[in-house]
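Naming convention: chains lettered A, B, ... in sequence-line order (proteins, then strands); numbering from 1 in each chain. Small disclaimer: the values here were computed from a predicted structure and weren't measured. Quick note: numbers below take in every heavy atom, side chains included, and nothing from hydrogens, waters or symmetry partners.
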2 protein chains.
Amino acid sequence: MDKAHSSRSARSALEPRQGAQAIRRALSVLRILAAGREDGVPLAEVVQATGLTRPTVHRIVHVLIEEGIVERHDRTGRYAIGNQVPELALARPRPSPLLVAAGPSLRRASAEIGDTLFLTVRTGNDTLCVDRRIGAYPIQVLSIEVGARRPLGVSSAGVAILAALPAQDARKIVTANEKRFDAYRTDAATVLGQVTAARRRGFGMREIGLVQGTTSISTWIKTPDGRPAAAMTVSAVRTRLGPRREQEVAEILLREARSIEQAIRSSA
Amino acid sequence: MDKAHSSRSARSALEPRQGAQAIRRALSVLRILAAGREDGVPLAEVVQATGLTRPTVHRIVHVLIEEGIVERHDRTGRYAIGNQVPELALARPRPSPLLVAAGPSLRRASAEIGDTLFLTVRTGNDTLCVDRRIGAYPIQVLSIEVGARRPLGVSSAGVAILAALPAQDARKIVTANEKRFDAYRTDAATVLGQVTAARRRGFGMREIGLVQGTTSISTWIKTPDGRPAAAMTVSAVRTRLGPRREQEVAEILLREARSIEQAIRSSA
DNA sequence: GGGCTTTGTCCATATTGTGGACAAGAACGC
DNA sequence: GCGTTCTTGTCCACAATATGGACAAAGCCC
């Protein structure tokens, strides 16, 4: 084995470092729990989503409870993120630069479009909704809230982000998330199909949103290094987004996505 | 060994569960990093504060970096809480009941006293500042910000909380934090002395605040189960808090602390 | 009360994580 | 420039730690 120069250079990029299996496992458990938000997630689902064995998940979860990182809801038996997590988060007082950069664009687009607007970031293999703006139109799709977290691929935002990634990376993520797709009634093949379509079209779309009768359109937002870090999404009841308006909305989103990318570049 | 009924009953209270050393260690590292806020903490200080060996801390920290939980500032080489922590925290949307319950009291006390007011919670062996209100008086002590985290015992809020705990628990915490006191130029004996004084007096006080020339007064706030969970603190330049005014301010703080306790009880 | 699903526990085992010892940078002095 | 002292980073033999198969208990639904 060539141990000569395997260290320094290759290390930072390829994520090899070992000697902490348990810590990594605990974190993947936490990320699954985060997707369950206030209500939490039953143990069996964590087992399914992480691919770990039940005793292992059980042990991890209960240690995290003792440490205050996880809570168990007595009524339901579900496990959820505990209140020490926000406490740790207070150590980072500044709002993310993306949120700052996106502010004006979200305001403009929301006023112009009138339907609900979402800003979603990529975090690992998940999408995470970090901002939501309600529009002026009387029927709004409010199912997704700030903090909502889903496997990349199941929402139109996730599809858009996957579409903007190198095809190989996208495929790797979809494979990694495969086990979690069942819970959202989709599968790897469907997701990959939507990604290809989005790549061709230039923006992501789900004609059948996660909520019945809604449609979503998403554009990706890239950081200066060319990697998609977020997506901007409009969701509306299906009848509001016919072919004509779809094109119109997409153009606004594309324009504002470019404007956000510009704002990030000049803030860095 | 009596394994008969060692499980179920004793488990929840006495924190025994094992099989996750590495996870616990990673968490204690995280809590130290949280105390470093944006600037972070040098590796050596994490080693000192946690009592772990350097290779171990190094390994843990770097795995956490790969996972996005920790960041390393390239200029300084210091380690800090990473941006995935706030992302996980988004899973808990509700503000803590304490913050809600304390709102009106903080507003009243701040208006009445005119000096800077802090709400500090206990989290494990640390105090964590969760709210700050600036008063009307032109000289304000602003050194402590929301998110500031310190070992229980080094601030007047910490002393107040320790004073309200059973003496034995307080001593245990002080011992656990001993290694971290150097960094704040104090030691276990001094802290225990202040705790005793606070217990007699009915409120916590530091004549020489963490910042030169300031004085702080803190009252503890107990949850319905009788355990002190937080403290309310006034900080001012020393000359503002002579013996007469000290008594006056303490009375307001004591009154509002009871009022917060009442509010918690009725919200639960 | 019998089947079914989900959660919790035990313990022998080897895999994982440990930390002593060593190496490589960085910051200072002169 | 070249020691000196600091902090950070890496290696690897060893054993304590975390693992997961198998079993138990607790709910839930008919």
Side-chain angles (χ1 to χ4, degrees), chain A residues 1-12 16-29 32-33 36 40-67 70-80 183, chain B residues 1-12 14 16-29 32-33 36 39-67 70-80 183:
Chain A
M1 314 141 199
D2 64 325
K3 58 174 173 178
H5 49 86
S6 64
S7 28
R8 220 167 333 285
S9 37
R11 177 79 25 111
S12 57
R17 186 161 334 223
Q18 52 135 262
Q21 189 194 62
I23 296 173
R24 280 193 215 278
R25 287 177 166 188
L27 289 173
S28 58
V29 166
I32 298 303
L33 294 184
V41 178
L43 189 67
E45 202 175 314
V46 181
V47 170
Q48 146 77 12
T50 57
L52 301 171
T53 64
R54 229 196 34 267
T56 298
V57 173
H58 183 266
R59 185 165 15 85
I60 288 172
V61 155
H62 276 132
V63 169
L64 292 175
I65 287 175
E66 283 175 10
E67 295 286 336
V70 165
E71 280 171 12
R72 196 192 124 107
H73 294 133
D74 277 340
R75 288 214 39 94
T76 60
R78 286 164 166 249
Y79 298 95
Chain B
M1 316 140 200
D2 65 325
K3 59 177 174 177
H5 49 85
S6 65
S7 28
R8 217 168 334 287
S9 37
R11 178 75 28 108
S12 55
L14 299 171
R17 185 158 336 221
Q18 52 135 262
Q21 189 194 60
I23 295 173
R24 280 194 216 277
R25 288 176 165 190
L27 289 173
S28 56
V29 166
I32 298 302
L33 293 184
D39 295 340
V41 178
L43 189 66
E45 201 175 317
V46 182
V47 170
Q48 145 77 13
T50 55
L52 302 172
T53 63
R54 229 193 35 266
T56 298
V57 172
H58 184 265
R59 187 167 12 87
I60 288 173
V61 154
H62 278 233
V63 170
L64 292 174
I65 288 175
E66 283 175 10
E67 296 286 337
V70 165
E71 281 171 11
R72 197 193 123 108
H73 295 133
D74 277 340
R75 289 217 36 98
T76 60
R78 285 163 166 252
Y79 298 95

Exercise. Please name all residues satisfying side-chain contact (heavy atoms from CB on, under 4.5 Å) with B:R59, sequence neighbours left out, ordered by chain then number.
Key: B:T56

Exercise. Starting at atom CG of B:L52, determine the distance to atom P of D:dA16, rounded to an integer number of angstrom.
Key: 18 Å

Exercise. Could you tell me whether the phosphate oxygens of C:dT7, OP1 or OP2, come under 4.0 Å of any side-chain nitrogen or oxygen in A:H58?
Key: no

Exercise. Please give the angle, rounded to 10 degrees, between the axes at the start and the end of the helix from C:dG1-D:dC30 to C:dC30-D:dG1, where five pairs define each axis.
Key: 50°

Quiz prompt | Nearest-angstrom distance from the residue atom NE2 of B:H73 to P of D:dT7 | solution = 20 Å

Quiz item: Are any of A:T53's side-chain N or O atoms less than 4.0 Å away from OP1 or OP2 of D:dT19?
Solution: no

Self-check item: Separation of atom CG in A:L43 from atom C1' in C:dT6, rounded to whole Å
Solution: 8 Å

Exercise. Quick one: list whatever passes ring pair (Phe, Tyr, Trp, His ring centres under 6.0 Å) with A:H62, sequence neighbours left out.
Key: A:H58, A:Y79

Self-check item: Over all atoms of both residues, closest heavy-atom pair of A:V63 and B:A20
Solution: CG2-CB, 3.5 Å

Self-check item: Rounded distance in Å - NE2 (A:H62) to P (D:dT19)
Solution: 16 Å

Exercise. Have a look at A:R78 and say if it touches a base, only the backbone sugar-phosphate, or nothing, with a 4.0 Å heavy-atom cut-off.
Key: nothing

Quiz item: If we only count heavy atoms from C-beta on, is the B:V70 to B:I60 side-chain gap below 4.5 Å?
Solution: no

Quiz item: So, does the side chain of B:R54 form a donor-acceptor pair with the base of D:dG9 at under 3.5 Å?
Solution: yes

Self-check item: Minimum heavy-atom distance B:D39-B:H73, with the two atoms named
Solution: O-ND1, 3.4 Å

Self-check item: A:P55 vs B:T56, nearer the 5' end of DNA chain C by closest nucleotide
Solution: A:P55

Self-check item: Considering all heavy atoms, the nearest B:A22-A:A22 contact
Solution: CB-CB, 4.2 Å

Quiz item: Hey, does the side chain of B:R59 come within less than 4.0 Å of D:dC12's phosphate (OP1/OP2), counting only N and O?
Solution: no

Report all interatomic pairs (protein N or O, nucleotide N or O of nucleotides 13-16 of chain C) with separations under 3.5 Å.
residue	atom	partner	partner atom	Å
C:dT16	OP1	A:Q21	NE2	2.9

Practice problem: May I have the distance from A:R24 (atom CZ) to D:dA18 (atom P), rounded to whole angstrom? | Solution: 16 Å

Quiz item: Hey, is the side chain of B:Y79 poking within less than 4.0 Å of OP1 or OP2 on D:dT7, counting only N and O atoms?
Solution: no

Quiz prompt | Nearest-angstrom distance from the residue atom CD1 of B:I65 to C1' of D:dG9 | solution = 12 Å

Quiz item: Atom CD1 of A:I60 and atom C1' of C:dG8: how far apart are they, to the nearest Å?
Solution: 15 Å

Practice problem: Under the salt bridge (charged side-chain N to carboxylate O under 4.0 Å, His left out) rule, collect the residues that match up with A:E45, sequence neighbours excluded. | Solution: none

Quiz item: Do any pairs count as a salt bridge (charged side-chain N to carboxylate O under 4.0 Å, His left out) and have a residue in residues 71-80 of chain A, sequence neighbours left out, and if so which ones?
Solution: A:E71-B:R92

Quiz prompt | Close side-chain approach of A:V29 and A:L52, heavy atoms under 4.5 Å | solution = yes

Quiz prompt | Listed partners of A:S28 passing side-chain contact (heavy atoms from CB on, under 4.5 Å), at least two apart | solution = A:T50

Practice problem: Could you tell me the separation between the CG atom of A:D74 and the P atom of D:dA26, rounded to a whole number of Å? | Solution: 16 Å

